[in-house]
Amino acid sequence: MDALADLNPAQKDAVETVEGPLLVLAGPGSGKTRVITHRIAYLVQTLGVSPRRIMAVTFTNKAAGEMRSRLQAMLGPRAAELTVGTFHAICARILRIEGAAIGLDSQFAIYDDDDQMNVIKQAMEQLGIDPKRFSPRALQSAIDAAKSQLVRVQDYAGRRNNYADEIIHRVYQRYQEILHRSQALDFDDLLVRTHYLFEEHPDILSKYQNRYVHVLIDEFQDTNIAQYSLARQMAGKYKNICVVGDPDQSIYSWRHADIRNILSFEKDYPNAKVVFLEQNYRSTQTIVEAAHHIILPNLQRKQYKLWTENDKGAPIVVAEAYNEQEEAQLVAQEIEKLMGQKEARLRDVAIMYRTNAQSRALEDTFIRYGTPYKIVGATRFYERREIKDAIAYLRLIYNPLDSVSLSRIINVPPRGIGQRTIDELSSMAQARGLPLYHALQAVADKSSAIPVASRTAAGLAGFYSMMEELRGESQKVSAVELLDLVLEKTGYKKYVQQGEDGEDRWDNIQELRNVAREKENLSDFLEGVALVSDLDNLDERSDTATLITLHQAKGLEFDVVFIVGMEEGVLPHVRSFDSPEQMEEERRLCYVGVTRARRRLYLVRAFRRSLGGMSGANPPSRFLKDIPSKLIAGYSSAKETAVTAMGVTPRPAAPLLVLPELKPGDSVKHGVFGEGVVVSAKPVKDDKEVVVAFPRIGVKKLLLSYAKLEKVR
DNA sequence: CGAAAGGCTCTTTTT
DNA sequence: GAGCCTTTCG
């Protein structure tokens, strides 16, 4: 194949500029992925660069997988020699190999957010810091912020300005001690430790610098300072570093991504070439233009304008629903209509929202409408209790020093080892500077006693010998076999199956088994599950609609996109109201969502919405006002027309609500349950509670102001 | 020790 | 509204 075929001049420029630093500013749908893959193909095929000498860093594992398979198609089996992955995955690999130089066990555990929070709470408890005065979350964020800027505990000492800093420093210090004793690294440690490994061991660094002649970084606008530093280290010798990004799509500042990296790049590499990709091939002209007007008010941006030669396409539909249930119905009905008209396949439809909590109403409604859907995130698979428990057993077997995993499962299923016993054990461990597991061992060996009942001591000994036995087995069997063994021997299988939602939870474990089956050994399996996200498992082949957060939607595209919750307080989120910077990020988030759409875009809002326990009315999102009305269908004249245009029965606003007079025996029609007969109706406050019998569905108690009831003569 | 019930807080986005 | 923590009871 010809790596330069079918590229526009700007894309071609980005592909051919292989020497020296290059910054590619790529708008949405401008063929960014094409540029990256073709650039690699050009290096390998045309210039004869060995794939071993190319590193490409992506934002997610999913993006890495896709890049790899695209390159496989272009280069064949040689693509396997490329280094493609996220910063985290690449660093983990390096640390497994080189960690010894910095006193790191090659079997280190990787702690996720949840584990991290456990350690922070533990550290706070040990230090006698009241979690009500200092929120563990805030401390976690402060520690993450420090790490993402490569600030270690010892570096933090000099930064203390006030009491809060003092607390952060103390927790940070204890936190690292606990991690160290557990031979565990958190996500940010993967980056920080690799950076300092390179800094302190130039011989190791030059090994990698010599190898990687070409370094590519995708989604550069969402990298943090630690990641950028790593990229610079890797590319330190040849300086053939190509970063690709779009400042307008920077939406991860809360994870300490630093948009200033783009400015730093131009400063650090004054001879860097800059290429703009501004032609959009993805969306209709209407969508591109709307996106442009949404992002325009941002002051902190590089001036470049997206344009397209595509058709004008359908107008954008802005619609208002009464509440989130109706919003969901509106979406479901419109999807039905589109399917009926063969406008799109279900897999080409996505519904996007600001917060995961919003998916609930959509899910409920889709189930009732029988609309097949898949949901990304929400209750994430790897955050489910049973999954975390099962993995904790395996992690403990792999690395017995992993105290977070040990504490997690020492009494799951219950084996008479209560909180008091665990506290006793961990204070003994703490006092002697021992890992928790060694304290357990000491008690089990009777070489040391802790003040607990003999029955409890026996429980500890039993648990210890069971774990030792499993550890012995782990050398001989595969990952799946070990998982099965664990589930059986520890009694976890029985425990799950007999517990609440036993069947569902057991199914989840079977799902985990499938993952384990594909892995060679325990180490591979654990590495895999530590760094995966739900998005990585998004199956695009099944013909179902996709429910997804705006953040996760970055990098994806769909024919039809619904963005729901277009309200002040939701998008933009309330938490951004007092910060202009955060408000700009909300705007970018909206921009990302809008530019995911190829052909049709729906912006939907609800007049009322319950957030948490409270229900309230929100004004329309300010972003809606920024879209020129000529791009919108039936909005400017009257709000209700848009709803009607979509074939959904409009509903008057709440204060004007006219409740139908209903009495027992009346026939009514419900938007979801269909036709039914009123059994009883009684007034409640300003409302009416109606009991309706629906054939096949059953008897439902409904509040007249909420239920969508129509009187059928 | 463990299960169940009640009270509290917060509630954005995720490698 | 839900998850997390604490309290209470068996």
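Order of the sequence lines sets the chain letters (A, B, ...), proteins ahead of strands, with each chain counted from 1.
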A/Asn411 near the nucleic acid: base, sugar-phosphate alone, or nothing, with a heavy-atom cut-off under 4.0 Å? sugar-phosphate
Give the nucleotide from the list B/dT11, B/dT15, B/dT13 with an atom nearest to the side chain of A/Asn356. B/dT13
Ranking B/dT11, B/dT13, B/dT15 by distance to the side chain of A/Thr355, first place goes to B/dT13
Mind calculating the distance between CG (A/Asp114) and C1' (B/dT15) to the nearest angstrom? 15 Å
Between A/Asp186 and A/Arg193, is there a salt bridge with N-O shorter than 4.0 Å? no
When you compare the ring of A/Trp254 with the six-membered ring of B/dT13's base, are the centres less than 5.5 Å apart and the planes under 30° from each other? yes
Nearest whole angstrom, please: distance from the C1' of C/dC4 to the CG of A/Asn118. 12 Å
Value in whole Å for how far the C1' atom of B/dT13 lies from CE of A/Met583: 15 Å
For the rings on A/Tyr492 and A/Tyr495, is their centre-to-centre separation under 6.0 Å? yes
Could you tell me how far apart A/Asp144 (CG) and B/dT14 (C1') are, to the nearest whole angstrom? 11 Å
If you draw the axis of the six-membered ring of A/Tyr196, does the NZ or CZ of A/Arg152 fall within 45° of it and under 6.0 Å from the ring centre? yes
Strictly below 4.0 Å: does A/Gln552 bring a side-chain N or O up to OP1 or OP2 of B/dT13? no
Taking the side chain of A/His551 as heavy atoms from C-beta outward, which of B/dT15, B/dT14, C/dC4 is closest to it? B/dT14
Re B/dT13: Watson-Crick or G-U wobble partner, both distances kept under 3.5 Å, found to be none
Angle class for the A/Tyr252/A/Trp254 ring planes (parallel below 30°, perpendicular above 60°, tilted otherwise)? tilted
Does A/Arg137 put a side-chain nitrogen or oxygen below 4.0 Å from OP1 or OP2 of B/dC10? no
Have a look at A/Tyr252 and say if it touches a base, only the backbone sugar-phosphate, or nothing, with a 4.0 Å heavy-atom cut-off. sugar-phosphate
Assuming nearest nucleotide by heavy-atom distance, tell me which of A/Leu589 and A/Ser135 is located more 5' along DNA chain B. A/Ser135
Spacing between A/Phe59 atom CZ and B/dT14 atom P, to the nearest angstrom: 10 Å
Mind calculating the distance between CG (A/Asp130) and P (B/dC8) to the nearest angstrom? 16 Å
Rounded to whole Å, how long is the line connecting atom CD of A/Gln116 with atom P of B/dT15? 14 Å
Residue A/Lys121, side-chain atoms from C-beta onward, closest of C/dC4, B/dT13, B/dT15: C/dC4
Using only heavy-atom distances, determine whether the side chains of A/Glu66 and A/Ser69 contain a donor-acceptor pair under 3.5 Å. no
For the residue pair A/Tyr228 and A/Phe220, does the interplanar ring angle fall in the parallel (under 30°), tilted (30 to 60°) or perpendicular (over 60°) class? perpendicular
Rounded to the nearest Å, what distance is computed from the CG atom of residue A/Asp115 to the P atom of nucleotide B/dT15? 15 Å
Both A/Thr86 and A/Ser576 contact DNA chain B. Taking the nearest nucleotide for each, which residue is further toward the 5' end? A/Ser576
Ignoring the backbone of A/Arg360, work out which of B/dT15, C/dA2, B/dT11 is nearest its side chain. C/dA2
